[in-house]
Amino acid sequence: MTFYYLITTILSMVNLILLVYTYENKKANYYFMLSMLIMALSNCGYLALARSTQLYEAVLANKIGYLGGCFIPLITLFLICTICNYRVPGWLRYILYGYSFFVYFMVLTIGYNDLYYKDIALGKLGDATILVHSYGICHAFFYVILYGYLILEIALLGYHLMKKSAISKNKLWILSMMVIFNIVAFIIGRMIHPNIEIMSLLYVIDGWVFLYLQKKSMMYNLEDSIASTIQQQEVYGYIIFDNELKYMGCNKVAQKVFPDIAECKVDNVLEGAGQIKVLTEWLQKYVNEGKDKYQHRNGEQYYEIKVGRVLYREQARGYVIEIKDETDRLKYMSLISNYNNELLAKVNEQTQELREHQQKIEELYLQTVTALSEAVDAKDRYTSGHSKRVAEYSRMIAKRLGKSVQEQEEIYRAGLLHDVGKIRIPVDIINKKGKLTDEEYNIIKVHPVTGYHILSGISGSKQLAIAAKYHHERYDGKGYPNGLAGEKIPEVARILGVADSYDAMTSNRSYRSGLPQEVVREEIIKGRGTQFDPEIADIMLQMIEEDKEYKMCQNDLQQKTILVVDDEPMNHKILMHIMSDEPRYKIVAVTGGQEALKALNHQDFDLIMLDVMMPEMDGLETLRHIRKIYNTPVVLMTGNKTLDTSTDFAELGCNDYITKPFLPLLIKEVVYNMTERTVVGK
């Protein structure tokens with residue numbers, strides 16, 4: 001038996017320690033703590049009695065054991081009243097406490113008189129000491145505590161279980177089962193053996209129940225939960241749920257906004273339509289998607305809804321829906337917004353013309369850059385696209401150097417115009433197939449200075465002129481026109497110098513074809529630190545290493561495919577003959593509009609040359625069908641020279657038109673310009 005009391009005492013102490021760990025200064029938790037403390041002391045008394053060897057020791061231990069019998073029923077009654085939101089009047093509270101102290105005072109008289117116990121003696125039950133006695137006249141007062149308080153507890157629990165109220169029915173059922181179990185266990189224990197203290201075990205079991213209820217008390221006590229989060233219960237509405245999304249309660253503000261929630265049962269998952277369905281959807285979206293903010297309108301009132309977690313000791317214990325009335329703020333913001341909108345409309349109206357003017361200037365600037373670039377490349381079809389490629393390579397290098405998007409765009413434009421000074425160089429020198437003479441080479445050396453003076457008048461970007469002037473300087477100082485060395489050369493010119501040399505080696509020229517990639521790579525390595533900035537050269541080498549298929553070369557000189565649509569086969573032959581000395585272009589010929597549409601479904605084309613007058617589906621109708629799907633450039637061919645049809649054709653999506661009979665040079669010029677385009681900022 002001693003082992004029995006030892007185990008129950010240890011378990012009671014463990015329960016007390018666990019409760020202390022999770023204790024918060026709240027009313028319900030205060031009763032839990034007081035009950036657990038008295039239970040632990042009582043079990044210590046039972047253990048001391050079992051180990052007693054002297055009568056006075058047994059009497060003292062018995063008095064300690066009686067603490068639970070005198071006070072636990074009263075504390076449990078007050079706990080139930082607190083959970084049921086029933087406030088015990090102060091005078092009644094004092095009377096009940098006074099009665100319990102009176103009974104315990106009678107217990108303290110044991111050993112001094114016969115009022116409570118008489119005929120006291122030591123006895124044995126197994127290895128445990130027991131106190132053999134008979135009851136005195138005052139022992140009857142103890143039964144009032146034992147059974148009277150229990151009857152009040154059962155009555156209070158039963159009333160609130162039957163009553164419809166916002167109280168956790170689960171919690172009430174747990175307390176009811178605990179009270180009934182204590183009564184039944186106590187009676188059975190006395191029937192088995194009157195000297196076995198069954199209450200020692202019941203205190204342990206009750207402690208487990210109290211631990212569970214204390215853990216849940218944070219969720220069930222709505223006011224405390226809200227107070228721990230924010231002290232504005234009169235302004236904000238709160239609806240609380242546990243981790244299983246069961247409804248725990250709400251405050252008055254929430255009931256005012258969502259009246260239907262008053263009909264919901266505590267400890268149950270919300271079910272229903274209308275307002276209840278809205279609340280359920282908010283919770284589910286928060287759990288599944290993490291969405292935590294909503295707007296809710298109730299008549300003319302507007303509310304801001306926030307869904308979040310209820311935290312207790314840094315652990316999520318449930319969910320809270322917070323409701324804030326935003327009506328006044330939104331009305332005020334609406335007035336401010338209307339005023340701002342009116343003011344903004346006036347400002348926009350006054351500044352619109354300025355914006356349009358600035359946009360036109362920017363468009364004109366970009367068009368000028370494009371036109372100058374095209375003018376340079378037009379002098380040598382073998383280097384066609386050189387400026388565009390140098391610009392692209394320069395932008396790629398700038399990006400890897402960590403330049404901003406705006407800086408990359410400025411460098412790209414500088415690349416487009418770096419050779420603009422070649423406008424002054426005679427075509428026969430630019431296209432010469434043999435080695436240049438010293439005099440011719442000196443003329444070539446002039447183009448950076450020419451380009452600088454052409455571009456220096458553009459105030460919007462000084463980079464353009466600087467890049468044009470210094471892109472032939474060398475890192476070792478042996479370049480031209482000024483022989484600058486190292487970082488004295490502007491960075492934009494050092495970038496263009498590497499990009500320009502790379503394209504010169506990889507492009508087809510009048511005197512040779514593009515060099516193999518490995519040869520180009522070796523030349524870049526050889527020029528690192530002498531001709532080129534080492535850092536920029538390393539970036540170009542990295543780009544070469546990544547370009548496994550050698551796509552980063554003069555790809556705009558790859559073969560272009562032209563679709564010729566004409567019902568006269570003779571015209572096919574004429575066009576093929578005209579383009580026969582241009583191996584970069586491949587002609588695919590069809591005789592009608594339907595055939596053209598089928599061909600477009602199976603193959604991509606760089607240019608469509610479309611006859612206007614054809615049987616069945618003429619050229620204009622064919623063009624309408626093409627423009628529904630494709631953006632391929634279209635050149636119309638017509639034999640009508642009497643009307644200026646350029647405006648009508650442009651409205652249909654035509655890029656240009658030519659008249660028959662065909663002039664070979666004109667055909668080649670149109671084909672070239674329709675397939676070779678430099679797009680600024682692309």
Side-chain angles (χ1 to χ4, degrees), residues 1 4-5 8-9 11-13 15-16 31-50 52 57-80 95-112 114-118 120 125 128-154 175 178-207 209-210:
M1 290 301 297
Y4 161 73
Y5 292 119
T8 55
T9 300
L11 292 176
S12 296
M13 297 301 293
N15 287 346
L16 178 61
Y31 289 125
F32 289 140
M33 177 63 73
L34 187 58
S35 297
M36 296 283 265
L37 178 62
I38 294 174
M39 289 175 182
L41 289 173
S42 294
N43 276 352
C44 288
Y46 293 143
L47 177 62
L49 175 60
S52 298
E57 293 176 349
V59 170
L60 179 59
N62 188 59
K63 292 176 182 178
I64 296 174
Y66 252 106
L67 282 170
C70 291
F71 292 103
I72 293 298
L74 177 61
I75 295 172
T76 304
L77 176 62
F78 287 157
L79 173 62
I80 293 173
I95 290 175
L96 295 177
Y97 270 125
Y99 184 78
S100 291
F101 276 107
F102 167 73
V103 173
Y104 191 67
F105 177 76
M106 292 294 101
V107 172
L108 294 178
T109 64
I110 297 174
Y112 297 103
D114 296 336
L115 291 175
Y116 200 82
Y117 277 2
K118 57 185 179 180
I120 307 171
L125 181 62
T129 300
I130 62 173
L131 194 63
V132 181
H133 62 274
S134 58
Y135 293 122
I137 189 171
C138 289
H139 188 270
F141 292 111
F142 178 72
Y143 290 115
V144 174
I145 290 179
L146 187 60
Y147 298 112
Y149 289 168
L150 290 177
I151 291 172
L152 289 175
E153 291 169 4
I154 293 173
L175 287 172
M178 185 190 77
V179 171
I180 295 173
F181 176 78
N182 286 346
I183 295 172
V184 173
F186 180 78
I187 294 174
I188 294 175
R190 287 294 189 224
M191 292 174 61
I192 295 174
H193 199 292
N195 289 320
I196 297 177
E197 288 297 343
I198 190 68
M199 290 306 301
S200 182
L201 177 60
L202 293 180
Y203 288 157
V204 174
I205 297 173
D206 290 352
V209 174
F210 286 166

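No experiment lies behind these values; they were computed from the predicted model shown.
- Taking all atoms of both residues into account, the shortest heavy-atom contact from M13 to C44 is SD-SG, 4.4 Å.
- Classified by interplanar angle (parallel below 30°, tilted 30° to 60°, perpendicular above 60°), the ring pair Y66/Y116 is perpendicular.
- Using a 4.5 Å heavy-atom cutoff, the side chains of V144 and Y99 are in contact.
- Annotation: the span from I72 atom CD1 to M199 atom CE amounts to 8.0 Å, rounded to 0.5 Å.
- From F181, atom CZ reaches atom CD1 of I188 across 8.5 Å, with rounding to the nearest 0.5 Å.
- Residue-environment remark: CZ (F101) stays at or below the threshold of 12 foreign heavy atoms within 6.0 Å.
- Of all the heavy atoms in C70 and Y104, the pair that sits closest is SG-CD1, 3.7 Å.
- Within the model, atoms CE of M39 and CG of L67 stand 12.5 Å from one another, a figure rounded to the nearest 0.5 Å.
- For the pair T8 (side chain) and Y5 (backbone), a donor-acceptor distance under 3.5 Å is present.
- Side-chain atoms of L96 and Y149, non-hydrogen and from C-beta on, do get closer than 4.5 Å to each other.
- The two residues L202 and A185 come nearest to each other via the heavy atoms CD2-CB, 3.6 Å.
- Side chain of S12 to backbone of A40: no donor-acceptor contact under 3.5 angstrom is found.
- Taking CD1 of I154 as the start and CD1 of I80 as the end, the distance is 9.0 Å to the nearest 0.5 Å.
- Nearest heavy-atom pair, G68 versus S42, reported as atom, atom and distance to 0.1 Å: N-OG, 2.7 Å.
- Atom OH of Y97 is surrounded by more than 12 heavy atoms from other residues, nucleotides or ligands within 6.0 Å.
- Under the 4.5 Å side-chain criterion, counting only non-hydrogen atoms from C-beta, I145 is not in contact with L74.
- Using a 4.5 Å heavy-atom threshold, the side chains of M106 and F142 count as separate.
- T129 places a side-chain N or O within 3.5 Å of a backbone atom of S52 that can act as its donor or acceptor partner.
- In this structure, the side chains of H139 and Y117 come closer than 4.5 Å at one or more pairs of heavy atoms.
- Inter-residue side-chain proximity for S200 and Y4 is flagged as met; some heavy-atom pair is nearer than 4.5 Å.
- For the pair S100 (side chain) and F71 (backbone), a donor-acceptor distance under 3.5 Å is absent.
- Residue E153 comes nearest to L77 through the heavy atom pair OE2-N, 3.3 Å, listed as atom of the first residue, atom of the second, then distance.
- A donor-acceptor contact shorter than 3.5 Å links the side chain of T9 to the backbone of N43.
- A distance-only check finds a donor-acceptor pair linking the side chain of N15 to the backbone of V204 [under 3.5 Å].
- V132 has its side chain out of reach of I120: every pair of non-hydrogen atoms, C-beta onward, lies at least 4.5 Å apart.
- In plain terms, the two heavy atoms of V59 and I110 that are nearest each other are CG1-O, 3.6 Å.
- For K63 (side chain) and V107 (main-chain N/O), no donor-acceptor pair under 3.5 Å exists by modelled atom type.
- Looking at H133, its side chain does come within 3.5 Å of a backbone N or O of L131 through a donor-acceptor pair.
- In this structure, OG1 on T76 lies 11.0 Å from CZ on F78, to the nearest 0.5 angstrom.
- Within 6.0 Å of CG on L108 lie more than 12 heavy atoms contributed by other residues, nucleotides or ligands.
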